[in-house]
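A short worksheet on the structure shown next.
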Amino acid sequence: MAAKFLSENSTPERLGEKRSEVLDFVERHKRVGRRVVLVTSGGTTVPLESKTVRFIDNFSVGSRGAASTEYFLKEGYAVIFLHRNRSLKPFLRHLSSSNFLDLLQLDAESPTSPVKVRPEHQERLTSILRDYERVRGEGTLLGVEFQSLSEYLHLLQVCATCLQTLGRSAMLYLAAAVADFYIPPDQMPEHKIQSSEGPLNLSLQLVPKMLEPLVKEWVPKAFVVSFKLETNKDILVSKSLQALDKYQHQLVVANLLETRKKEVKLVTKESCVDITMTTSELSNGQEIEQKIVKELSALHSDFCSVDKQT
Ligand code: 9Z3
């Protein structure tokens with residue numbers, strides 16, 4: 001099913017070049033013994049026409065993926081950040097609610113470098129820039145962009161297979177909100193659908209679950225974390241356990257749409273651990289991703305140590 005989807009849906013541009021970039025990144029960090037995590041982030045679009053004017057989208061803005069990426073970097077991981085093109089980015093996300101130009105001012109007294117950061121933003125910008133420059137200097141972050149469902153799935157396969165060489169020291173953290181339904185290319189109109197033809201009825205097909213080949217074939221030794229999103233709390237844990245049973249991966253981060261920034265459950269076959277944020281932690285600007293990543297990093301260390309014992 002997965003292989004059929006990938007062969008029938010067009011490959012993203014410069015896929016070979018992107019594979020080489022990811023491979024180089026993985027090899028470089030493997031040489032120095034650094035763990036590598038693939039973080040997927042943001043929603044996927046499902047086109048309705050092959051010359052696409054309209055598409056179906058979902059709510060995800062990519063804050064989970066972008067924030068987690070920063071915390072994985074702090075934990076010493078190298079991160080492949082596979083993200084939707086317009087979703088939030090690590091570091092830059094801290095400025096997403098400000099108008100960039102409001103952070104700056106012109107200084108008439110220094111004509112050679114007249115653009116200055118306003119004094120009230122100096123501290124915050126310095127701290128963001130310091131973290132960002134450290135990561136750039138160490139070369140520990142590689143961004144890979146997608147927009148459509150098909151681009152995402154092709155790139156997921158490329159990134160995952162490149163990680164195979166790392167065995168247990170690779171982690172996959174699949175936080176992207178991937179579409180479940182799509183229109184196969186042979187059922188998609190070429191040109192813009194005309195409203196003059198009346199109301200539109202859509203028939204969507206199921207997207208094959210890529211977790212299956214990912215765990216079985218692409219990265220069989222890696223530490224794989226998937227996400228389960230629900231709106232009904234009564235089925236959250238049972239659906240997570242079903243996923244673990246079906247795909248045989250290591251862990252599901254289970255979250256509800258409305259409370260996803262305040263509480264999640266880390267579900268394994270053996271346990272279910274709650275991670276929660278207090279009101280004061282949230283009002284201090286602390287983020288749940290910091291706790292999630294800390295916990296996963298420790299579990300990943302245990303998982304890696306099995307290799308060393310055998
Ligand atoms: C998640 O559950 C993420 O936590 C969110 C993060 C998408 C809710 P934001 O990007 O939101 O910060 O706005 N991701 C996975 C969602 C998903 O599609 N899971 C599938 C499912 O639940 C399985 S992989 O069936």
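For reference, positions follow the sequence shown, starting with 1. A quick note: this is a predicted structure, and the numbers were derived from the prediction, not measured. Ligands are counted one by one from 1 in listed order, and the atoms in each one are counted from 1 as well.
At under 3.5 Å, a nitrogen or oxygen of Arg64, whether backbone or side chain, sits near a nitrogen or oxygen of ligand 1. Among the atoms of Ala177, none of the N or O lies under 3.5 angstrom from an N or O of ligand 1. Polar contact with ligand 1: absent for Phe59 (N/O pair, distance under 3.5 Å). For ligand 1, none of its N or O atoms has an N or O atom of Lys209 under 3.5 Å away. Taking distance alone, with nitrogen or oxygen atoms compared against 3.5 Å, Phe227 approaches ligand 1 more closely than that limit.
Residues forming a ring pair (Phe, Tyr, Trp, His ring centres under 6.0 Å) with Tyr152 (at least two apart in sequence, or on another chain): Phe146.
Between the choices Ser240, Ser68, Ser60, the shortest heavy-atom distance to atom 10 (O) of ligand 1 belongs to Ser60. Heavy-atom proximity to atom 17 (C) of ligand 1, evaluated over Ala176, Ala66, Ala243, Ala179, is greatest for Ala176.
The shortest contact between atom 11 (O) of ligand 1 and any protein heavy atom is with Arg260 NE, 3.2 Å. For atom 21 (C) of ligand 1, the nearest non-hydrogen atom of the protein is Lys228 NZ, 3.5 Å. Among all non-hydrogen protein atoms, the one lying nearest atom 4 (O) of ligand 1 is Asn255 OD1, 2.6 Å.
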Which donor-acceptor pairs under 3.5 Å do the side chains of residues 124-143 make with protein atoms, sequence neighbours left out?
{"residue": "Arg124", "atom": "NH1", "partner": "His94", "partner atom": "O", "Å": "3.0"}
{"residue": "Thr126", "atom": "OG1", "partner": "Gln122", "partner atom": "O", "Å": "2.5"}

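Between the side chain of Thr268 and the backbone N or O of Ser271 there is at least one donor-acceptor pair closer than 3.5 Å. Arg34 contributes no side-chain N or O that, together with a main-chain N or O of Tyr77, makes up a donor-acceptor pair within less than 3.5 Å.
Atoms of ligand 1 lying under 4.0 Å from any heavy atom of Leu229, numbered from 1 in the order shown and given with element: 2 (O), 8 (C), 16 (C), 22 (O). Close approach to Val178 involves these atoms of ligand 1, each under 4.0 Å from a residue heavy atom: 18 (O). Every atom of ligand 1 is numbered from 1 in the order shown, and the set under 4.0 Å from a heavy atom of Ala175 is 1 (C), 3 (C), 7 (C), 14 (N), 15 (C). Taking a cut-off of under 4.0 Å to the non-hydrogen atoms of Gly62, the atoms of ligand 1 that pass are 9 (P), 10 (O), 13 (O).
With respect to Lys239 and Asp234, no salt bridge is recorded, no charged nitrogen being found less than 4.0 Å from a carboxylate O. Comment: Arg86 does not engage Asp57 in a salt bridge, judged by the lack of any side-chain N to carboxylate O separation of less than 4.0 angstrom. A salt bridge links Arg93 with Glu287; the closest basic N to acidic carboxylate O contact falls under 4.0 Å.
How far OG of Ser240 is from NZ of Lys269: 13.5 Å, rounded to the nearest 0.5 Å. Rounding to the nearest 0.5 Å places OH of Tyr173 at 10.5 Å from CG of Leu251.
Residue Ser87 does not touch ligand 1, judged by heavy-atom distances below 4.0 Å. Contacts of Ser63 with ligand 1, taken as heavy-atom pairs under 4.0 Å, involve both backbone and side chain. When non-hydrogen atoms are compared, ligand 1 lies under 4.0 Å from the backbone of Val61 as well as from its side chain.
Counting only heavy atoms from C-beta outward, the side chains of Leu174 and Leu211 approach each other to under 4.5 Å.
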Check against side chain to side chain donor-acceptor pair (under 3.5 Å), Lys233 and Thr259: CA-CA 10 Å; Lys233 68 175 176 7; Thr259 56; over 6 Å; no
